[in-house]
Amino acid sequence: MRRRSFIQGVAGMCALGALLDNTAEGSEGKNVGVKWKIGCFNRPWGAWSYDVALEKMKEAGFHNTGIVGEHKGEAFIDPEATPEYIDTLKERMKAQGIKPILGRLSLRRDLPITEAVSQLERQIDNAKRLGLSYVLTYGSSDPTEYEAFYEKMHAASLYAAHKKVQVVFKPHGGCSADADDILRCIEKVNHPNFRLWYDAGNIIHYTGKDPVKEVERVAQFTSGFCAKDCAQLHGDVMLQFGTGKVDFAGVFGVLKQAGFKGHVMIECCAGKTVEEITANAKANRLFLENLFATL
């Protein structure tokens, strides 16, 4: 069944490739060495309302966003989100000049596979309505659930391909902790619409391994990047880029050689107040822009 679905999915991927425009200019349209879009997740402003998060993303100079954090009163693309809510959310983003790129999938592990897949399909429908190009899963940390996770992601990837939305996952411990686990996920899910959003900071946080050596093995499967720094195994990730141990130049150099043309989304920064966080998010954006100018 999976082989047949894999073949069926290839045709859908041709159309999907046309949709995923990954070669536009940087966040302020500057002429950079590599023209990778730099966006920002909502996570840094999770203590405030989503409208504040959108306002501060705009203030920090971002035009693209991904939804991975939570805000009180927001369903985002969760199964219970109504079409009216999704349409209003889209207008709220548009009013700030922010384009949504990615949304996090909510995966119910306590449901039978058929019901869990049905919920994933509703979220993919919501993502499509919101105008997202990607939906993101964190994987599973329970080895007894790995096989069920692979099966659910195969079904979700097949469904999403027909909607011209790509299903992606990130290094997050468990079944997606390091390169071996990532490659196993890709093999087990076995669908061309299931790809990786690399997270160098999480490689250090969950495994303590070298993100450059790990990305060398998975770069060809990478269609996006979650940007964060980390100083040590299980260490803090709410850092300014360059203060931890992630070799950003080394990681992005490998991705460039592999032909990476994806979005780069800043996930974390330092700060306690909304003003500090906004200033530090901007500083992390400038860090990446300056780096990309040298690649």
Side-chain angles (χ1 to χ4, degrees), residues 1-24 37 39 64 66-68 76-79 81 83 86 90 99-108 111-140 146-172 175-176 182-198 218-226 258-263 265:
M1 287 294 293
R2 289 186 180 177
R3 282 193 182 130
R4 191 179 308 121
S5 296
F6 183 93
I7 294 169
Q8 291 171 346
V10 171
M13 286 299 294
C14 294
L16 181 67
L19 171 74
L20 303 180
D21 176 18
N22 295 324
T23 58
K37 290 182 180 179
N64 299 307
I67 305 167
V68 300
F76 295 124
I77 64 169
D78 284 350
I86 295 290
K90 191 172 185 177
K99 180 181 178 181
I101 303 298
L102 173 149
R104 180 179 63 85
L105 289 172
S106 175
L107 183 59
R108 288 283 301 276
L111 296 176
I113 287 180
T114 53
E115 292 183 38
V117 168
S118 179
Q119 287 209 351
L120 289 169
E121 290 176 350
R122 286 201 294 275
Q123 292 174 80
I124 291 164
D125 288 339
N126 290 340
K128 179 66 176 180
R129 189 178 188 99
L130 188 57
L132 304 183
S133 298
Y134 304 92
V135 288
L136 173 73
T137 178
Y138 292 170
S140 174
Y146 288 0
E147 290 300 325
F149 170 75
Y150 302 142
E151 187 171 348
K152 292 169 187 174
M153 288 302 106
H154 177 84
S157 299
L158 175 61
Y159 183 82
H162 293 295
K163 299 288 182 175
K164 298 182 175 64
V165 175
Q166 188 172 84
V167 179
V168 296
F169 70 112
K170 63 181 293 187
H172 204 264
C175 70
S176 60
I182 289 166
L183 292 171
R184 188 179 301 109
C185 271
I186 292 170
E187 177 186 4
K188 290 283 190 177
V189 173
N190 191 24
H191 196 283
N193 196 36
F194 184 74
R195 285 295 177 261
L196 175 68
W197 270 52
Y198 195 65
V218 299
Q220 63 179 310
F221 302 108
T222 302
S223 64
F225 192 96
C226 301
F260 175 78
K261 296 179 181 178
H263 287 270
M265 286 283 172

Inset, instruction - Begin with the C-alpha distance, continue with both residues' side-chain angles, and end with the deciding distance and a verdict on side-chain contact (heavy atoms from CB on, under 4.5 Å) for Glu151 and Ile113. - result: CA-CA 8 Å; Glu151 187 171 348; Ile113 287 180; 3.4 Å; yes
Legend entry - Trace of the side-chain hydrogen bond (donor to acceptor under 3.5 Å, both in side chains) decision for Asn193 with Tyr159: CA-CA 9 Å; Asn193 196 36; Tyr159 183 82; over 6 Å; no
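No side-chain heavy atom of Leu120 sits less than 4.5 Å from a side-chain heavy atom of Val167. Ile67 has its side chain out of reach of Leu136: every pair of non-hydrogen atoms, C-beta onward, lies at least 4.5 Å apart. The shortest distance between side-chain heavy atoms of Trp197 and Met265 falls below 4.5 Å. Contact of the Gln119 side chain with the Leu107 side chain is not registered, since no non-hydrogen atoms from C-beta on lie closer than 4.5 Å. You'll find the side chain of Phe260 reaches within 4.5 Å of the side chain of Phe225, heavy atoms only. With a 4.5 Å cut-off on side-chain heavy atoms, Pro171 and Leu196 count as touching. Counting heavy atoms from C-beta outward, Lys188 and Phe149 have side chains that stay 4.5 Å or more apart.
Here the side chain of Ser157 pairs a donor or acceptor atom with the backbone of Met153 at under 3.5 angstrom. Of the possible donor and acceptor atoms, one in the side chain of Ser176 sits under 3.5 Å from a partner among the backbone N and O of Lys170. Judged by distance alone, with hydrogens and angles left aside, the side-chain atoms of Thr137 form a donor-acceptor pair with the main-chain N or O of Gly139 at under 3.5 Å. Using a distance-only test at 3.5 Å, with no hydrogens or angles considered, a donor-acceptor pair links the side chain of Lys128 to the main chain of Lys163.
Tested against Phe169 for a ring pair (Phe, Tyr, Trp, His ring centres under 6.0 Å), the candidates Tyr134, Phe194, Tyr138 yield a single pass: Phe194.
Between the NZ atom in Lys164 and the CD1 atom in Ile124 there is a gap of 14.0 Å [rounded to 0.5 Å]. Once rounded to the nearest 0.5 Å, the distance linking CG of Leu130 with CG of Asp125 reads 12.5 Å.
Taking all atoms of both residues into account, the shortest heavy-atom contact from Arg108 to Lys152 is O-NZ, 3.6 Å. Nearest heavy-atom pair across Cys175 and Cys185 is O-SG, 3.1 Å. Considering all non-hydrogen atoms of both residues, Asn64 and Lys37 come closest at ND2-CD, 3.8 Å.
The side-chain contact (heavy atoms from CB on, under 4.5 Å) check on Glu115 picks up Leu111, Pro112, with sequence neighbours excluded. With sequence neighbours left out, Ala127 forms a side-chain contact (heavy atoms from CB on, under 4.5 Å) with Ile77, Leu132, Val135. Considering only residues two or more places apart in sequence or on other chains, Ser106 meets the side-chain contact (heavy atoms from CB on, under 4.5 Å) condition with Asp78, Gln123.
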